[in-house]
Amino acid sequence: MITSIIINGILIGLIYALLAIGLTVIFGVMRIINMFHGEAVMLGMYAAFVLFDKFGISPYISVFLTAPIFFVLGSIIYKFLIDPIPAREREITSLIITLGISFIFATSAMYIWSADYRTVTLPFSQDVMVFIKTRIGYPALISSCMSAVMIVGFYLFMSKTYMGRAIRATELDKDTASVMGVNVKWISIATFGIGVVLAAMAGGILSPIFYIYPFVGSNFVIKAFTIVVLGGMGSVTGALVGGIILGVAEALASTFLEYSMKDIMAFILFLGILLFKPSGILGGRTRL
Amino acid sequence: MLEIKGIDSGYGKIKVLKDITLKIEKGEMVALVGPNGAGKTTLLKTIAGMIVPSKGDILLEETSISGMPPHKTSARGIAYVPEGRRVFSAMSVEENLLMGTYLKKNRPHKTESLRMVYDLFPRLEERKKQTAGTLSGGEQQMLAIGRGLMMRPKLVLLDEPSLGLAPLLINSIYKVLERLNGEGMTTLLVEQNVKKALSLCKRAYVIESGEIVMKGPSEDILCDENVKCTYLGI
Amino acid sequence: MFFKILSSVLFLLLLFSQVSYGAGTFKIGCPAPMTGPGANFGEKFKKAYTMAADEINAKGGVNGTKLELVFEDTQAKPALAVSSAKKLISSDNVIALLGGWSSGVAFAVAPVALDNKTPYLLEHPALDDITRKNNDYVFRLQPTTGMYSAALEDFILKVVYPKEKKKQLTVAYIYVDNAFGQGVAKYGIIPFFKKNKDKFNLVVSESYNENAMDYKPLLLKVKNAAPDIVVLTSYLTDGILLAKQIKEVGLQAKMFTGTGAGHSMQDIYEKSGKATEKYFSSGPWHGEIKDANWKKWRSAWEKKYKYVPGEHEVEGYVAIQVLAEALKGVKSSDVVKQREELKASLKALNMKTIFGTVKFDNFDGYTNQNKAYKMTAVAQWINGKLLQVWPKEAAEREPAY
Amino acid sequence: MQNRSVKPIVILFVCLVVLSFMPFIIDPGSYKYLYNIFFIVNVTVLLATSWNILGGFAGQISFGHAGFVGIGAYTVALLHYHLQWSPWLALPLAGVVTLLAAVIIGSIAFKLRGPYFALSTLALAEVTKLIAEGWRSFTQGTQGVVVSPGPLLSIPSGGALYFVVSLWLAGFGILCALLIKLSKTSYFFLAVGENEDAALSLGINSKKYKLIALYISSFLAGITGGVLSVHTGFIDPSSGFDMVHTVEPIFLTMVGGIGTVLGPVIGTVLLVPVGEVFRSHFPTAHLLLYGIVLVVFARFIPKGIMGLFRKKKI
Amino acid sequence: MNILEIKDLTKAFGGVVAVSDLNLSIREGIIFGVVGPNGAGKTTLINVITGVEKITKGSIFFKGSDIGKLPTFKRSLEGITRTFQIPQCFTGLTVFENILIPLLLRLPKQEAQLEAARIAERMFLKDDLNKQAQMLSVGRLKLLELAKAYATSPRLLLVDEPMGGVSLDMMDSLINLIKSLRDEGITILLVEHVMKVVVALADELVVLNFGKQIALGAPQEVMKRKEVIEAYLGDEYA
């Protein structure tokens, strides 16, 4: 049973990590806490649902089709609502603005899709494979693997492409990045867009194994925050490690203590890291 | 190459530079010296576009670049090598250098540029995978200069390249600068190490409290009593 | 200056909101979760109330007075619900309050109803304590959490236990950690299995947070205990995930049963990808299904809303009918007196509805509680249909056990 | 000088006394909903003021006020439930118990600065909520606890009583804020919030002042929770520790003007009724409208309403 | 009598040694100059004396008692105050409030206000009294730094590059101001780059390079030493 528990912990941890990445990127580069992160996940789930329901496109494919739309959405929000705020007020004002947007998104979703619960039921939703005596459902397996691929892909984007490096450079030193020829303003807009895309993609990938309703976003936010802190703010590998540690720790706590203990476990981890290594598990400097 | 006509500049309402006029010819290496807080860095930042001057004009090859954001001035060929250790600390050495080829026009020359920098600073090649933040001060300075050179600039603005370095390292960095100047690179060098800077450059400007108080050939400035007094207290 | 104007305009708006419009109707206050996680249920009840009220109004209303429904969003939060209830009572002058979906909300609203001497009719919040507080203004027509398992207990003792021919059956119980889940656990399921210790061994009994994403560690633990019977008390979303993940971890048992709520909603079958096939669900029944009126109502519902109604829809619909019936006894025109008359009339009510007979009694510590033990049933999911299988007299088909 | 510091206190006192007569002018019996809104406004003023003392005066942004409110609310509810205390009598204790909790919370959270401090308060608030959910034998878990307020000094519990009590508690909160603002301490708060390193180098014991701000803030927030629990007559973890209690005081203070005594009051008086009116007039769309109001306010007046006035001492 | 004694002081950041085995004694009532090229450890020395940075090795005695373990604010209350090279003012507050804050720690409000006005006048800040600190120029901010530090009634004042950004005409008055502070009996540790200022002010001068002391003595004499000129001005100068 213990191997099964750990394997399952890792699989859910990968999904947790994907949920956190959009948040950590936006916070890392712009020091903005995006309060509508959960709602972006929710919109991603609905996008996946609609494309699956109407056109039969698998969420694992449609996340790539809808990404440009979410990029534009995120960029517009940053360009017109957050960027014009004077820097001195931005840290907290952006909190209110993104909170307001979260209300707007959630209610709009209710008007568009009603408050009904939706699910994406794939043709192979009941199929199971067995791996080291652990039964893993295909949707769970594919979603976790997709998460891993996305995280690795994003890591490569951030380390191997000019744009990715420009984003990191901007995060580390705006002024110096700008004299390298980086249009810092545009990179900030793009980073916000990317953060929203990552949240929406996480939603899409989550849709086959979770349920969807307009207010589902709030379920993910605290989890995502926990991982951002565990892994270190702004760090992609940190989010991955943080997600897996959280997944496994929760699984172990819920097995050997009581199931309801797992959340307390998560917060004890959270506080412990904050107190003893506020820069996150991988710690040190801001790293990728 | 570069012509600055009577600019005022500063941060917000604080005026740091007053009526600065300055000229650099192509292929020239000019020093800008002055005490801490005199406005040297502010001037470089203004040229690079990080600060918009409130008055006056800046011309690069006869076109005004005044008020242009830094990513545009860099596209026009200005490389600003910031003071201190402003390398991208969490990125590797090679990633730092590649940031120098961020501009589209420089991307095709990526490999040659890297080769050139690694030839200039073999230390950097040895440590290309290392995180920049873990380099020693001198290596970070080399990295910052190398990164600027990756931009294949027409004009390099060097901000205190000898800051906090041991004499040996300073010498090796200065040798590189000399060699690059010999190859025709135009440079504006800001230095607190007056003697060094003046020995390298033929011409210099002295700035104090945001004003150019003296300009001319290096030898003249070195002999000036006032300068001696400011720097040596003699 | 702009803000001064804005604030004075808003203040005026506020005062105008006090003016009650549409006088000459019976206003019924409906605090419901219209946004937030319970919004789906708010919509269900809104449909049910509206359908019943429209039918009554089409026939000319009650004694010539039409019914008017006033909705307020509670987000399923007790504090907001209290605020809504106060507003409905004082500024909308409603004659009675309805429902509120969740036990937590009803628990908080009940004292407000008492303070304002306004009848409060519950059709779904099930926590026993709500009608055990000697609160004379609170009426409940449906079974309490403690009654939810009445039919299930009967079914397990009379059908399952004899059939298994084992001395002791092992049972795993998983329930959602909220007022409803706690209520069912505390008043229904756990006491039942403890009382019959000789026949059953409760090997796992754990609660879970309703927003959890991953139940597999819990289910693996259950699987490890290899129970004969798995009892689940869940809402919809958690029910769906549980059903899917039970399949995934390969947890097998002789019997899976829910206790109403999520497990008796059509959604759970479809949205779990049919994972609840053969699941039982025990809770409030879907109404007197042998009744001709029930059949008529059900086809009318399906025609109007294009889906098969469950317990929530029946309860909501019947609640309005019960109120309408009781309102026949209201004669005066002053709302304060009307409320008293309505209360008296509700107390005297004995009415046959499609949900069953509704009569509010005081018994066993309950006040104004419909003796609804019999309004529970065990139903089973077979081929996408949840049909009642127990008690025998209300069965639509034989249980597949 | 003396006059200048007494004047605002006198004005506050006069306002409170005048407003206390409101129930004689507008009948609480027939305007229950209006009084309900008044009550919510008063309580929210108290909570926003409490947040402002910590976040605005001392510059320590807290994401954990829901935790304080929850602890206060549960103190009243549990004293009533276990020991049959009158909830009214338990009210001051709500503040005290919350303050004691803040001693523990502060000793952990103040090891950190800036966003890390904010996040740790968020985590600590969640932990207290999980304890309230998990410790069923003591807190009744998610089932919640009923509180029946009963009369206060033979004044029957009802709209008028809630209004007057909440009004004076809000007044008490504003008075605390005023006294701080008019005292020397406010300068030390400002110094610590603006630049902790500079403050330390000038001999200001920053930890002490951060703790003072936290203690006052938590005491007021705990009382807020206590009153809410008395008014609602019911408390469960999801409503006691609702994230709204964290988020609402922050944006109301921001809208009104952070760090000023009047800011939280103005923000609350302006926006809370709007929210309530939206909610009852547009049961499904109110969050959408409220969201738009938030975005517009933050986008166009990022410094808050008090920021529009040049002189913003109070 | 020595007001400050530093014994075998070492401060390392990880592997980098900023101050190494330093021994210093500062007599009461003098201006003690500290010079050296950038990165020589001057600011680190100030940080260690004020307790912003913990000591790696060694000890610090202030008026004869070991203060090595006291927190920054207590050292300030004992009489050790500093100014920052990059001014650390309360930027959102007015100049007057900036000066008032340290005074409030030991005076009643009214007296503190009078005193603050007096200090502002003395520090040439009278005209800026009601301006927000963030509106000041760098030079004025340096004055404000000094005013704030002076308001704590220090016995030992550590001044980190007061002249940076100060206009030429202002420099002389500033020199006189610092002199007058010494004449009041305040011991001053002065870190400065502008040599003419150091030479004009310092009664005693130490030159640091790479965290080590390379010369100590009267300024005129020290500045002539070969090793100082090499370290400070470039090796070929001499």
Side-chain angles (χ1 to χ4, degrees), chain D residues 1-6 52 55-61 110-111 113 178-213 254 257-260 263 302-304 306-307 309-314, chain E residues 46-47 49-53 70-84 86-94 96-114 116 130 132-134 141 144-145 147-154 157-160:
Chain D
M1 190 56 225
Q2 214 54 34
N3 279 340
R4 256 175 67 197
S5 54
V6 168
N52 191 36
F57 288 7
Q60 308 300 313
I61 304 296
F110 279 133
K111 295 204 156 103
R113 280 195 194 179
L178 256 179
L179 288 176
I180 295 171
K181 199 81 203 177
L182 296 169
S183 76
K184 281 179 174 187
T185 315
S186 76
Y187 288 97
F188 303 139
F189 279 179
L190 277 174
V192 172
E194 283 269 344
N195 190 333
E196 198 172 336
D197 290 324
L200 278 170
S201 80
L202 296 176
I204 296 167
N205 184 349
S206 64
K207 178 134 194 213
K208 175 176 134 192
Y209 290 103
K210 290 202 284 193
L211 285 174
I212 291 177
M254 295 290 158
I258 185 168
T260 57
K303 281 186 181 174
M306 291 299 285
F309 304 102
R310 198 177 301 154
K311 199 164 182 284
K312 48 171 181 178
K313 275 274 156 284
I314 289 173
Chain E
I46 292 187
N47 284 343
I49 296 173
T50 51
V52 173
E53 306 275 7
L70 288 183
T72 305
F73 77 90
K74 283 212 175 126
R75 296 193 203 191
S76 172
L77 294 175
E78 294 274 322
I80 305 177
T81 313
R82 70 175 299 183
T83 70
F84 290 86
I86 299 155
Q88 300 286 321
C89 297
F90 308 117
T91 46
L93 307 185
T94 64
F96 180 71
E97 287 166 329
N98 266 279
I99 303 172
L100 185 64
I101 283 172
L103 288 168
L104 287 170
L105 275 175
R106 55 191 175 83
L107 292 176
K109 202 169 169 182
Q110 259 163 304
E111 278 174 50
Q113 281 171 330
L114 292 174
N130 292 315
Q132 274 201 335
Q134 57 190 354
L141 280 174
L144 180 55
E145 275 290 302
K148 263 189 328 169
Y150 176 66
T152 63
S153 323
L157 183 59
L158 313 164
V159 189
D160 200 352

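For the numbers below, each heavy atom of this structure counts, side chains included, while hydrogens, waters and symmetry mates do not. All chains are named by letter (A, B, ...) in the order of the sequence lines, taking the proteins before the strands, and each is independently numbered beginning at 1.
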Measure the [atom1]-[atom2] distance between [X] and [Y] for me, rounded to the nearest 0.5 Å.
X        : Y        : atom1 : atom2 : answer
D/Asp197 : E/Thr72  : CG    : OG1   : 8.0 Å
E/Gln88  : D/Leu202 : CD    : CG    : 10.5 Å
D/Ser186 : E/Ile101 : OG    : CD1   : 8.0 Å

Does the D/Glu194 side chain pair with the main chain of E/Thr91, one donor and one acceptor, at a distance under 3.5 Å? yes
Give, as side chain, backbone, both or neither, the part of [X] having an atom under 4.5 angstrom from any heavy atom of chain D.
X        : result
E/Phe90  : both
E/Thr152 : side chain
E/Pro108 : backbone
E/Leu107 : backbone

For [X] against [Y], the heavy-atom pair lying closest together:
X        : Y        : result
E/Leu105 : D/Tyr209 : CD2-OH, 4.5 Å
D/Lys184 : E/Lys109 : CE-N, 4.0 Å
E/Ser76  : D/Gly203 : OG-N, 3.0 Å

Of the listed D/Ala199, D/Ala191, D/Gly193, D/Ala198, the one with the largest count of heavy-atom pairs under 4.5 Å with chain E is D/Ala191
Evaluation steps, side-chain contact (heavy atoms from CB on, under 4.5 Å), between D/Leu200 and E/Phe73: CA-CA 5 Å; D/Leu200 278 170; E/Phe73 77 90; 4.0 Å; yes
